[in-house]
K.L.:
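Following this message is one structure expressed as C-alpha cells.
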Amino acid sequence: MDREPSVSDEDDDLETLVPQNHTKPPSPTSRSRSSFSVSALRPALPSSAASLGHALWSRRYLLLFVSLPVLFIVLFFSLGGASSLPASIRLPSADPAADPAASRMREAELHALYLLRSQRSGLLSLFNRTASPAPANASTPISLSDLQAALLSQIKINREIQAALLSTHHSGAGNATEEDPLDLDLPGPGCRRKELPYNRRTIQWNPKKDRFLFAICVSGQMSNHLICLEKHIFFAALLGRILVLPSSIDKVDYQYDRVLDISNINDCIGRKVVITYREFLEKRKKVSIDQFICYAASPPCFMDEDYVKKLKGLGISMGKIEAAWPEDAKLKEPKKRFVGDITPKFTTEAEVLAIGDMFYADAEEEWLMQPGGPLAHKCKTLIQPSRLIMLTAQRFVQTFLGGNYIALHFRRHGFLKFCNVKKESCFFPIPQAAECILRIVEKANAPVIYLSTDALESETNLLQSLVVFNDRQVPLVKRPVHQNSEKWDALLYRNHMGGDAQVEAMLDKTICALSNVFIGSSGSTFTEDIFRLRRSWGSMSYCDEYLCQGQLPNYIAEQD
C-alpha cells in the first residue's frame with residue numbers, strides 16, 4: 001500500500017509559498033510555433049557512421065521509402081499533372097494564354113517538379129552516405145551533425161514544394177507567410193533538454209580566515225530555509241566571510257548536513273568557505289555575534305523573542321540588533337537591491353556578523369537565479385542533496401521509473417485557501433488538472449509519472465482514474481512504505497536516515513529533479529527548489545511548466 005510522500009517542509013500555508021513569477025519556465029504555447037532548429041532534430045542516434053546506417057533501416061527499405069513517393073509525384077507531373085486526371089475529378093482548365101489562373105497553376109507545377117528533382121538528388125546522396133557497407137566510390141560517411149543539416153535541408157525543400165503547389169489556391173498572390181499552417185508541421189523543440197548557458201556572471205569567494213557570517217533562517221520550512229541559505233552564501237562571498245551553518249540543537253534550525261552535501265560546497269569552491277556550528281565552536285573560545293545588522297527591517301531580521309532566547313540558550317551572546325534600512329519597515333514589499341546597495345551597509349570589521357533571515361530579500365534575483373548560481377566554482381551547483389540521498393534517488397528511479405518519466409509535484413495541503421486569495425488562483429479541480437497532465441504526457445511520450453504530493457488518497461485515486469492516454473492508464477507512482485526486503489532505500493536506513501521527514505522531502509525533490517519532464521505547483525517553494533536543481537543540473541526540458549500553466553481554475557469557491 002502506498003503512502004503519501006513526505007513534503008513536510010510545506011506544512012505552512014503562507015510561509016512556504018512564493019509568487020508564480022519567482023520562476024517562469026517558457027510557455028509551451030509560445031514554443032510550439034517557434035522556428036525549427038537543427039537541435040530540434042537531434043535523435044538518439046549511434047555515434048559511428050556504420051551503426052547510423054543500420055539505424056536508418058536497411059539500404060533496400062530506405063531506398064523504397066525515399067524514392068517511391070518522389071518518383072510517383074515526378075511521374076504525375078511528367079504525364080501532365082492535373083491534366084492527366086480523369087475528367088470527373090479534373091480541375092477546370094482552359095488555354096493558359098486565355099486563363100491567367102491556369103497559367104499560374106502550370107508555373108507552380110513546373111516549379112514543384114524542379115524542387116522534387118532537387119530533393120530526389122539530395123535524398124539519394126544522403127542515402128549513399130548512410131549506406132552500410134559503403135560503396136567503394138562513396139563519399140565520406142556522414143556525421144551526426146551533417147545528417148541533421150541534410151535532413152533539415154530536405155524539410156525546407158519539402159515545405160517549398162507544398163508552398164508552390166498551394167500558392168495558386170491562396171486568396172491573393174504570394175507564397176505562404178510565417179503565419180501559414182505549413183509552419184505547424186516543422187519540428188519544434190519538443191521535450192528535449194535545454195542547453196546550459198556557456199557563460200555565467202560570477203564572483204570569487206575568497207573569505208578571510210577570521211571573519212564569519214552567522215546564517216540565520218527563520219521563516220517557513222526547509223524549502224524556504226534553503227532559499228535563505230542560498231542568499232546567505234551569496235552575501236558571504238560578497239563580504240569575504242566564512243559561512244557558519246547554525247545548529248539543530250534545541251531546534252534553532254534544521255540539521256543541514258543530513259540533507260545537503262556540505263563538503264560539496266567546499267570542494268566546488270576549492271577552499272574552506274562553509275563550516276558547521278560545531279566547527280565554529282572549535283575555532284572560537286567565546287561564542288558571540290559581534291554585530292547584528294538586519295536585512296529585513298520589520299520585524300528586525302524576522303526574529304521574535306523566542307528565537308532570540310534559543311540563540312542565547314546555546315550560549316551565543318549578541319549585541320544590539322539594528323536594521324540596515326530602517327525605512328523599509330514602512331514598505332509592504334521588499335525593495336529591490338543590488339551589490340552597490342549591499343556592500344556598503346554590511347561591510348564591517350566585526351569578526352562575527354549576522355544579517356538575519358533573507359528569504360524575502362530581493363537582492364540580485366536575476367544573478368542568483370542563473371544556472372549554477374552567482375559564484376565561481378567547478379561544479380554544476382553548490383547546494384545539492386547529500387550523496388546518500390542522491391544514490392537512493394537513482395536506485396528508486398532504476399527500480400520503479402526507468403529512463404523516461406514525468407515528475408509531478410501536486411501540492412494540495414493549504415493550497416485551496418492560499419491560492420484562492422491570490423489574484424489568479426492556482427488550485428485546480430482534479431479533472432482540469434488531469435487534462436493538463438495529459439497534454440504533457442502526449443508531448444513527452446512518457447510511460448509513467450512520479451507523483452510527489454501531500455494530497456489524500458481520495459484526490460490521488462480520482463486523479464489516477466482520469467490520467468488515461470491512448471486507452472491506457474498512465475501509472476502515478478509514489479514512494480512505497482519501507483520494507484526490509486527492499487534494497488533501493490537500504491543506504492538511508494543503514495545510515496540511520498530512513499524515516500526522517502526532511503530526508504524524505506529532499507529525496508522527493510531529487511527524484512523530481514532527475515526526471516525528463518517536471519510539472520510543478522505554482523507558488524510552492526518546494527517546486528522552486530526542484531526548478532533550481534534542474535536548471536543547475538541541465539535536466540530542465542522545454543516541456544517543464546507549472547500545472548495548468550497559463551490557465552485559471554474552471555471553478556473557484558467563494559471566500560469565507
Side-chain angles (χ1 to χ4, degrees), residues 9 12 14-24 201-203 205 212-241 243-246 253-254 256 265 273-274 289 291-304 307-308 311 321-348 350 352-370 372-375 381-383 523-529 531-532 535:
D9 57 330
D12 290 358
L14 299 179
E15 288 185 330
T16 62
L17 306 170
V18 293
Q20 179 170 346
N21 60 7
H22 188 70
T23 301
K24 292 186 177 180
R201 179 190 174 194
T202 60
I203 58 171
W205 191 356
F212 304 92
L213 177 63
F214 196 91
I216 293 180
C217 297
V218 182
S219 62
Q221 304 298 317
M222 175 62 88
S223 292
N224 294 47
H225 284 229
L226 292 180
I227 293 173
C228 172
L229 184 62
E230 185 178 20
K231 294 178 181 179
H232 267 93
I233 287 176
F234 179 52
F235 273 57
L238 286 177
L239 302 173
R241 292 177 174 270
L243 186 67
V244 181
L245 294 181
D253 208 335
Y254 293 104
Y256 291 109
I265 301 176
V273 293
V274 176
I289 296 175
Q291 195 165 359
F292 221 129
I293 307 175
C294 296
Y295 187 97
S298 178
C301 298
F302 275 100
M303 294 196 311
D304 54 20
Y307 192 85
V308 173
L311 289 176
I321 298 177
E322 55 185 313
W325 297 281
E327 63 274 14
D328 284 5
K330 300 179 181 179
L331 301 177
K332 293 182 179 180
E333 295 183 1
K335 186 177 180 180
K336 189 178 184 67
R337 290 193 166 90
F338 303 91
V339 171
D341 307 313
I342 296 166
T343 50
K345 290 290 184 179
F346 296 99
T347 298
T348 174
V352 182
L353 170 68
I355 59 181
D357 194 292
M358 287 194 296
F359 171 70
Y360 294 103
D362 188 358
E364 297 284 6
E365 283 292 309
E366 292 79 10
W367 196 358
L368 283 166
M369 291 293 291
Q370 65 182 344
L375 306 186
T381 185
L382 293 180
I383 301 178
S524 168
T525 53
F526 191 91
T527 280
E528 299 307 326
D529 203 35
F531 276 131
R532 177 189 64 83
R535 284 194 303 269

K.L.:
Measuring from atom CD1 of I342 to atom CZ of R337, what distance do you get when rounded to the nearest 0.5 angstrom?
P.N.:
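It is 8.5 Å, given to the nearest 0.5 Å.
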K.L.:
Could you check if a side-chain atom of E366 sits within less than 4.5 angstrom of a side-chain atom of R201, using non-hydrogen atoms only?
P.N.:
no
K.L.:
Rounded to the nearest 0.5 Å, what separation is found between the NZ atom of K345 and the CG atom of L239?
P.N.:
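K345 atom NZ to L239 atom CG measures 14.0 Å (nearest 0.5 Å).
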K.L.:
Indicate yes or no for a side-chain donor-acceptor contact from D529 to the backbone of F526 under 3.5 Å, with no hydrogens or angles considered.
P.N.:
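No, because the side chain of D529 does not come within donor-acceptor range (under 3.5 Å) of the backbone of F526.
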K.L.:
Out of curiosity, I293 CD1 to L353 CG, how far, rounded to the nearest 0.5 Å?
P.N.:
5.5 Å
K.L.:
Testing the basics here: between W205 and A237, what is the closest heavy-atom pair and its distance to 0.1 Å?
P.N.:
CD1-CA, 3.5 Å
K.L.:
What is the minimum heavy-atom distance between A297 and A329, and which atoms define it?
P.N.:
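Scanning both residues completely, I find the closest heavy atoms to be CB-N, 3.7 Å.
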K.L.:
Taking R532 for the side chain and I383 for the main chain, is one N or O donor matched with an acceptor at less than 3.5 Å?
P.N.:
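Checked: pair present.
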K.L.:
Should we say atom NZ of K336 is surrounded by more than 12 heavy atoms from elsewhere, each under 6.0 Å from it?
P.N.:
yes
K.L.:
Among all residues two or more places apart in sequence or in another chain, which pass the side-chain hydrogen bond (donor to acceptor under 3.5 Å, both in side chains) test with T348?
P.N.:
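side-chain hydrogen bond (donor to acceptor under 3.5 Å, both in side chains) list for T348, sorted by chain: Q291.
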K.L.:
Quick one: do F235 and R241 satisfy side chain to side chain contact (heavy atoms under 4.5 Å, CB included)? Show the steps, please.
P.N.:
CA-CA 8 Å; F235 273 57; R241 292 177 174 270; over 6 Å; no
K.L.:
If you measure from CG on D328 to SG on C294, what distance do you get to the nearest 0.5 Å?
P.N.:
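D328 atom CG to C294 atom SG measures 11.5 Å (nearest 0.5 Å).
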K.L.:
Mind listing the closest non-hydrogen atom pair of Y307 and C217 along with its distance?
P.N.:
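In terms of heavy atoms, the two residues are closest at OH-O, 4.3 Å.
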K.L.:
What's the verdict on side chain to side chain contact (heavy atoms under 4.5 Å, CB included) for I203 and L375, showing C-alpha distance, side-chain angles and the deciding distance?
P.N.:
CA-CA 5 Å; I203 58 171; L375 306 186; 3.5 Å; yes
K.L.:
Evaluate F234 against E364 for side chain to side chain contact (heavy atoms under 4.5 Å, CB included), listing each step before the verdict.
P.N.:
CA-CA 10 Å; F234 179 52; E364 297 284 6; 4.0 Å; yes
K.L.:
For A296, enumerate each residue passing the side chain to side chain contact (heavy atoms under 4.5 Å, CB included) test, keeping only those at least two apart in sequence or located in another chain.
P.N.:
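Here the qualifying residues are F302.
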K.L.:
Rounded to the nearest 0.5 Å, how far apart are NE2 of H232 and CZ of F359?
P.N.:
13.5 Å
K.L.:
Between F346 and Y295, how do the two ring planes meet: parallel, tilted or perpendicular, split at 30° and 60°?
P.N.:
parallel
K.L.:
Taking the side chain as everything from C-beta on, heavy atoms only, tell me whether M303 gets closer than 4.5 Å to L311.
P.N.:
yes
K.L.:
Is there a side-chain contact between I321 and C301 in this structure, where contact means two heavy atoms from C-beta onward sitting under 4.5 Å apart?
P.N.:
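Result yes, sub-4.5 Å side-chain heavy-atom pair found.
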K.L.:
When you compare the side chain of D357 with that of N224, does any pair of heavy atoms fall below 4.5 Å?
P.N.:
no
K.L.:
Out of curiosity, F338 CZ to D362 CG, how far, rounded to the nearest 0.5 Å?
P.N.:
8.0 Å
K.L.:
Looking at A363 and L368, what are the two nearest heavy atoms and their distance?
P.N.:
O-CD1, 3.2 Å
K.L.:
So F292 and I216, do their side chains get closer than 4.5 Å, heavy atoms only?
P.N.:
yes
K.L.:
Is the shortest side-chain heavy-atom distance between L243 and I265 below 4.5 Å?
P.N.:
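No - every pair of side-chain heavy atoms lies 4.5 Å or more apart.
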K.L.:
Please determine whether the number of non-hydrogen atoms from other residues, nucleotides or ligands lying under 6.0 Å from atom CD of E327 exceeds 12.
P.N.:
yes
